[in-house]
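For reference, the structure discussed in these notes is given below.
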Number of protein chains: 2
Amino acid sequence: MKHKGKATSFDIAHYAGVSQSTVSRALRNSPLVNEETRRKVHEMAAKLNYKVDKNASNLRTQQSSTLALLLFEDPTTDESQINPFFLSMLGSITRACSKEGYDLLVSFQSSSQDWRADYEDSHRADGIILLGYGDYLDYQSRLQQLLDQDTKFVCWGAKVDGREDLSVSCDNYGGGQLAAKYLIEHKRTDCAFIGDASEHSPEFFARYEGFKNTFEQHNITLSERKIANAISTEDSGYHATKSLIANNISFNALFAASDLIAIGAIRALQEAGILVPNDVRVVGFDNIPAASYVSPSLTTIEQNTTLAGQMLVSNLLNLIKGEKVECTLLPPNLIVRNT
Amino acid sequence: MKHKGKATSFDIAHYAGVSQSTVSRALRNSPLVNEETRRKVHEMAAKLNYKVDKNASNLRTQQSSTLALLLFEDPTTDESQINPFFLSMLGSITRACSKEGYDLLVSFQSSSQDWRADYEDSHRADGIILLGYGDYLDYQSRLQQLLDQDTKFVCWGAKVDGREDLSVSCDNYGGGQLAAKYLIEHKRTDCAFIGDASEHSPEFFARYEGFKNTFEQHNITLSERKIANAISTEDSGYHATKSLIANNISFNALFAASDLIAIGAIRALQEAGILVPNDVRVVGFDNIPAASYVSPSLTTIEQNTTLAGQMLVSNLLNLIKGEKVECTLLPPNLIVRNT
DNA sequence: CCACATTCTGACACCGGTGTCATAATGTGG
DNA sequence: CCACATTATGACACCGGTGTCAGAATGTGG
């Protein structure tokens, strides 16, 4: 019964005394095969440790039961550190995939110019999930190209021109509102914003807009001078905040476009002898695991990554099935801690 | 030139006026095809946006240019949080794979009983990387089964009985020595250890052994009473440390089996009014990103995840190629910060 | 001009499954 | 006992590439 190489369905057929066609049907539990025969085939397959060759099966059926995840990184981020928020998304996407019986191909894309998205063309995946804070404006032409090729994909965060159904994102605008309301309730109306408040980072921009507009509804105008640019790293948040301090710009609250930025900002404040939260209250965004570890622990706007992963996967699968998909906006959630 | 469905090599052949065989050869840059023909074929392939069907190609060549990563989690860990150390490994493995021209299938395995390892059997991957602190003793029988089936795989951390070449790990024993030497230098010899100092967690155990033995070489005996069990989560570290404090066990230094444990331990110490590092010095293990964010920032033993990922991938590829592979022990590195 | 090597190309079997069609075996009703 | 439906099975084409082999076209030397 020992065999060189892996067993094929012909081997099972031979030992079970049936035809290869019957083996194939029996293993997929087709109702066409006799109960007794099915049992015999399954038994033999188990004995020979037979596993269906996915390449052959995929080739014939023209689908792969696999999704591809493209993770775009800020090109400035260093090799070993990956944004923890996306890692958390990665975890939930992986789980959502396996729950749906799909495998997941993971690929990190560092260059924004020529990323690989040929997973579907090459029949390696049935669809693609795009993930990243990235400067998506650069990508629109590539996204359009994917659309033209009829590639199935969904995006986190970014909008695809004219195709809202391809996006899943947090209600960033609403998150900004939550942060503003929280600070207003605590009478902190002299606010700084650390992040990129331009349309180059659509997500950060929406957070800022929701934040600013809520203040305006309370007749408070945020000073443009109190905005400091930063990408989503601890280091960048640190330096941006330092430069505000160096320029003698005062504020009693700080809204950071992401938790990493907030953590860096707090470090800068502490170094300058500014007390958090007594002198300056800080609100972050994301609720990454570290937000609860740092001290003081970070007050932040949570994005539900578990739900986000599920929505990305289920929307993509519906898209593949050709069903209508709605634009998906996930509700953010204020987590009050000690800043 | 528009076409329903995706283009195949036959389409290219048709439009380029050559045979399908020639197309296949031309696209793989076989030296057998004429320069002029090759150019024509490449041009037409680009125009039709043709991509080789990986299923067909893999089926024929019997290899997939894909590796599978199985990530084992502590079953107690909650859904959304994944050990940041492993996430960091995941990042470096992904990068190492793509550098070698391989794709990576990622799969989280929560049950230690019946994990899926049929990626190779089903020809979906050429080899498997196993990653986890997991209680590997439970897995030995499964690992043995993989060996029997001649499945190509490498493990992080765990030993495979009689096959040291299949493991890549940090020199955990040496890491424990580093931690001990550091504390001895700072005259902190009354040490607690938080983690699992049993053979159920071979990595933690080795860290403890290196730590303990170094103290013994200096004629200092660590008290067994000062060991508290914990798995690698912040919460577990917090509770373990709290119970030490509650039992009035004194110590002036603490070695945590992982950074997450250390971060939890510091929280427990701070809550009890114990100053870090003045009253108790703390040394962690891993050097996860958060180690530098927390305050006070964490002194820890670094594991080089970039190198680890590269070694796992390159050892696995060598194994697949049938080459000899050496057991790989990576040097740990003391990172002195503020604890 | 023929023998022979070299370069290039096409025909074809093959990888290991899946789906369709034909057919054998059995049951059912008139 | 025959017409017909039902059930179970095998034969075979097919998915889209890759590798082998045969042979055409051209070049080279004697």
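Below, read A as the first sequence line, B as the second, and so on, with proteins coming before strands; counting in each chain starts at 1.
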Between CD of A/Q63 and P of D/dC15 the distance, given in whole Å, is 16 Å
Say whether B/S24 and B/S9, considering side chains only, have a donor N or O and an acceptor N or O under 3.5 Å apart. no
To the nearest angstrom, the NZ-C1' distance between B/K54 and C/dC15 comes to 16 Å
By nearest-heavy-atom nucleotide on DNA chain C, the more 5' of B/G17 and B/H123 is B/G17
| task | Could you check if a side-chain atom of A/V41 sits within less than 4.5 angstrom of a side-chain atom of A/V18, using non-hydrogen atoms only? | result | yes
In whole angstroms, the gap separating P of C/dG16 from CG of B/D121 amounts to 14 Å
When A/T61 and B/S19 are each assigned the nearest nucleotide of DNA chain C, the 5'-most assignment goes to B/S19
Ranking D/dT9, C/dG19, C/dT18 by distance to the side chain of A/S21, first place goes to C/dG19
> Does A/T22 put a side-chain nitrogen or oxygen below 4.0 Å from OP1 or OP2 of D/dT9?
Replying inline: no
A/D53 CG to D/dC15 C1', in whole Å, measures 13 Å
With the side chain defined as heavy atoms from C-beta on, B/N34 is closest, among D/dG19, C/dG17, C/dC8, to C/dC8
(request) Go through B/S64 and B/Y119 one step at a time and tell me if the side-chain contact (heavy atoms from CB on, under 4.5 Å) criterion holds. (result) CA-CA 10 Å; B/S64 62; B/Y119 293 94; over 6 Å; no
Taking only the side-chain nitrogens and oxygens of A/R28, find out if one of them lies under 4.0 Å from OP1 or OP2 of C/dG19. yes
(Q) Looking at B/S9, I'd like to know whether one of its side-chain N or O atoms comes within less than 4.0 Å of OP1 or OP2 on D/dG17. (A) yes
- Item | Under-4.0 Å side-chain N/O to phosphate OP1/OP2 contact, A/T37 with D/dT9 | yes
task: Look at the side-chain N and O atoms of B/S57 and state whether any lies under 4.0 Å from the OP1 or OP2 oxygen of D/dG17.
output: no
Whichever of A/P31 and A/L59 has the more 5' nearest nucleotide on DNA chain D, that residue is A/P31
Taking B/S65's backbone N and O only, do any of them form a donor-acceptor pair with B/D126's side chain (distance below 3.5 Å, no angle check)?
yes
Examine D/dG17: is either OP1 or OP2 under 4.0 Å from a nitrogen or oxygen in the side chain of B/S24? Give yes or no. no
Is B/Q62 near enough to C/dG16 that one of its side-chain N or O atoms lies under 4.0 angstrom from OP1 or OP2? yes
Of C/dG17, D/dG17, D/dT9, the nucleotide closest to the side chain of B/Y50 is D/dG17
Here the distance between atom C1' of D/dG16 and atom CG of B/L27, to the nearest Å, is 13 Å
Whole-Å distance, A/F10 CZ to C/dT18 P, equals 11 Å
Quick note, B/R60 side chain, CB onward, closest among D/dT9, C/dA13, C/dC8 is C/dA13
Heavy-atom count check: over 12 atoms from other residues, nucleotides or ligands less than 6.0 Å from A/E323 CD? yes
Under a 3.5 Å limit on both distances, the Watson-Crick or wobble mate of D/dG30 is C/dC1
B/R25 CZ to D/dT18 P, in whole Å, measures 11 Å
Considering only heavy side-chain atoms of A/T8, the closest of C/dG17, D/dG16, D/dG19 is C/dG17
Taken to the nearest whole Å, NE2/B/H14 to P/C/dG10 is 14 Å
Taking a pair to mean Watson-Crick or G-U wobble geometry with both distances below 3.5 Å, D/dC15 pairs with C/dG16
Using atom types as modelled and distance alone, determine if a side-chain donor or acceptor of B/D11 lies under 3.5 Å from a backbone N or O of B/T8.
yes
